[in-house]
**Q** 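Got a structure for you, written out below as structure tokens; questions coming shortly.
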Amino acid sequence: MPANIWRRMPSFYSLAGSECMKCSSLYFPASKVCKKCGSQEISERVFEGAGEVVTYTVVRQGFNDDSENEKLVCNSPYIISIVKLMEGPMVTAQMADCEPEEMKIGARVKAVFRKISEEGEEGLIRYGYKFVLA
Amino acid sequence: MLMGRVAIIGAGMTKFGQLWNQGLVELAVEANMKAIEDSGLDRKQIEALYIGNMSSGLFTRQEHISSLIADSSGLAPIPSTRVEAACASGAVSLRQAYLAVKSGMYDAVIAAGVEKMTDVTSTMSTRILSTASSQDYEASIGATFPGLYAMIARMHMHRFSTSEEQLAMVAVKNHRNALNNPYAHLRKSIKVDDVMNSAKVADPIKLLDCAPISDGAAAVVIASEELARKACDTPVWIEASAQASDSISLHNREDLVSLKASAVAGREAFRQARSSIRDIDCLELHDCFTIAEVLALEDLGFVEKGKGGKLVEEGLTEIGAKIPVNPSGGLKAKGHPIGASGIAQAIEATMQLRGDAFNNTNSQRILTHNVGGSGATAVVHIFGR
Ligand SMILES: [Zn+2]
């Protein structure tokens with residue numbers, strides 16, 4: 001498994017971000033330095049995965065058409081959303097099991113664990129978070 | 001410490017478009033030669049070269065283009081530096097050149113920008129452009145670059161009732177402005193319906209909301225006040241050069257309907273120039289997508305947040321109206337060879353202030369605004385005569 005995927009496994013598998021021990025600011029993805037107060041006293045914070053849709057788009061012309069390097073497992077069109085997690089931070093994610101007509105700003109969603117992409121000819125599979133309507 | 005002023009004394013650019021018979025180096029050399037010729041300087045007077053370029057490695061498999069272009073332009077052994085800030089590479093290059101002269105280190109340098117984009121397929125260029133956003137948390141999950149701006153546009157429409165038609169009017173205006181610009185990539189008149197009916201890219205963004213994928217290069221000669229007064233009858237003074245940074249990912253920003261970096265750079269530019277929006281006669285704004293022009297009008301303070309669409313609909317951004325925006329055609333119609341765009345904006349400002357622009361606005365003072373990525377870098381320059 002390439003190191004760049006292995007390194008990101010915690011954040012992709014369990015929505016693990018960070019919390020500043022000084023001022024309690026929350027981050028996703030994890031931030032080694034608190035952008036608010038500058039503290040480096042940081043601990044891991046796993047987010048529950050419940051949230052709501054802040055905005056979204058239906059990507060009609062995606063990366064998946066002729067890319068040799070990385071194939072997203074869904075073909076265009078697919079839905080990308082920015083979700084505001086219950087705890088506060090926002091995350092960009094694909095929506096799963098959902099049609100464009102069902103999407104709306106403010107919709108309640110929850111994180112699920114899905115296949116995200118396959119890399120290269122040998123079909124290395126990368127898993128991670130997507131969101132579904134709650 | 002109070003250094004002298006800094007001026008643009010020469011400008012040159014290639015045509016923007018799908019230029020199959022010109023490679024990256026040829027484009028950059030053409031722009032450099034035209035800029036030097038326009039300045040009236042001897043090439044031996046040029047002391048340093050700055051080149052804005054986003055991704056020559058991914059688009060053409062050539063890195064180390066700083067020295068390659070200096071040497072090919074007959075400018076070696078002067079120092080040459082490539083500057084990268086995604087779509088703002090050009091304006092950051094201009095700013096580095098400005099700082100180099102302002103510091104007193106040099107009297108004459110070139111700020112250039114170049115991008116050769118059409119040697120790869122359009123899907124590949126979509127992938128390459130997405131490297132301006134977070135690879136780990138945006139692009140790798142399928143968020144294309146138009147997709148990111150689409151999410152901004154949808155939010156803006158939701159919060160302020162901005163309409164898709166109002167966004168389309170940005171494209172219609174910029175296409176109309178480009179009709180007179182022989183350097184423009186898209187010289188074709190379009191109507192609101194054409195935009196509305198064009199192929200969907202990422203809802204609500206449609207094909208004609210997007211700047212095209214273009215090849216091109218642009219260069220300006222920057223000089224100290226002393227040299228500018230000696231060498232040039234119509235120096236264009238750089239009255240402000242401001243730059244700001246923000247999170248690369250949209251989802252890490254507090255407000256999705258404004259680009260904070262634009263607002264910060266704008267305020268700093270007005271501070272440097274000791275001026276305000278009332279002193280600006282014309283704007284060249286970063287309109288990679290139509291929504292981006294609306295955001296810029298708002299973030300720079302030319303209209304209240306949320307009212308940008310209305311301003312465009314009322315025709316107040318047309319040439320001859322209250323505040324002309326993108327008389328060159330903008331990135332939208334002039335074309336958007338990424339690294340060259342920020343320099344091409346400065347060239348339009350130069351032509352406007354010299355009075356030889358293709359759509360003359362009789363301006364005394366012009367503001368240019370160049371954005372990198374979905375707003376992680378913003379650069380604002382103010383030019384006067
Ligand atoms: Zn903190």
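Each chain gets a letter, A, B and so on, in the order the sequences are listed, and its residues count up from 1. Since the structure is predicted, the reported quantities are computational estimates derived from the model, not experimental observations.
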**Q** Taking CD in A/Gln40 as the centre, count heavy atoms belonging to other residues, nucleotides or ligands within less than 6.0 Å. Is the count above 12?
**A** no

**Q** Which bit of A/Val83 comes within less than 4.5 Å of chain B, counting heavy atoms only: side chain, backbone, both or neither?
**A** neither

**Q** Are more than 12 heavy atoms from other residues, nucleotides or ligands located less than 6.0 Å from atom NZ of B/Lys307?
**A** no

**Q** Measure A/Ser31 against the heavy atoms of chain B and call it side chain, backbone, both or neither at under 4.5 Å.
**A** neither

**Q** Within the structure provided, determine whether A/Val59 and B/Pro146 are in side-chain contact (heavy-atom separation under 4.5 Å).
**A** no

**Q** What's the verdict on side chain to side chain contact (heavy atoms under 4.5 Å, CB included) for B/Met155 and A/Val54, showing C-alpha distance, side-chain angles and the deciding distance?
**A** CA-CA 8 Å; B/Met155 185 89 181; A/Val54 174; 3.8 Å; yes

**Q** Name the one of A/Pro89, A/Ser81, A/Pro29 that satisfies side chain to side chain contact (heavy atoms under 4.5 Å, CB included) with B/His251?
**A** A/Pro29

**Q** B/Ser122 versus chain A, heavy atoms under 4.5 Å apart: side chain, backbone, both or neither?
**A** neither

**Q** Can you find a heavy atom in the side chain of B/Thr144 that is under 4.5 Å from one in the side chain of A/Gln61?
**A** no

**Q** Enter the distance from B/Lys206:NZ to A/Arg60:CZ here, rounded to the nearest 0.5 Å.
**A** 11.0 Å

**Q** Less than 4.5 Å apart, any side-chain heavy atom of A/Pro77 and any of B/Lys200?
**A** no

**Q** Quick check for you: to the nearest 0.5 Å, what is the distance between A/Ile80 atom CD1 and B/Met151 atom CE?
**A** 6.5 Å

**Q** Can you tell me how far apart CD1 (A/Ile116) and CD1 (B/Ile141) are? Round to the nearest 0.5 Å.
**A** 7.5 Å

**Q** As an exercise, state the distance from OG1 of A/Thr92 to CG of B/Asp136, rounded to the nearest 0.5 Å.
**A** 12.5 Å

**Q** Between B/Arg253, B/His158, B/Glu138, who has the most heavy-atom pairs with chain A when the cutoff is under 4.5 Å?
**A** B/His158

**Q** More than 12 heavy atoms of other residues, nucleotides or ligands under 6.0 Å from CD of A/Glu102: yes or no?
**A** yes

**Q** Of the backbone (N, CA, C, O) and the side chain (C-beta and beyond), which part of A/Val91 lies under 4.5 Å from a heavy atom of chain B, both, or neither?
**A** backbone

**Q** Looking only at heavy atoms, which two atoms of A/Gly62 and B/Thr123 are closest? And how far apart?
**A** O-CG2, 4.0 Å

**Q** Rounded to the nearest 0.5 Å, what separates atom CG in B/Asp203 from atom CD1 in A/Ile79?
**A** 9.5 Å

**Q** Is it the backbone or the side chain of A/Tyr129 that comes under 4.5 Å from a heavy atom of chain B, or both, or neither?
**A** side chain

**Q** By a 4.5 Å heavy-atom criterion (distance strictly below it), what part of A/Lys35 contacts chain B: side chain, backbone, both, or neither?
**A** side chain

**Q** When you compare the side chain of A/Met90 with that of B/Leu256, does any pair of heavy atoms fall below 4.5 Å?
**A** yes

**Q** Is A/Ile105 close to chain B through its backbone or its side chain, or both, or neither, when contacts mean heavy atoms under 4.5 Å?
**A** side chain

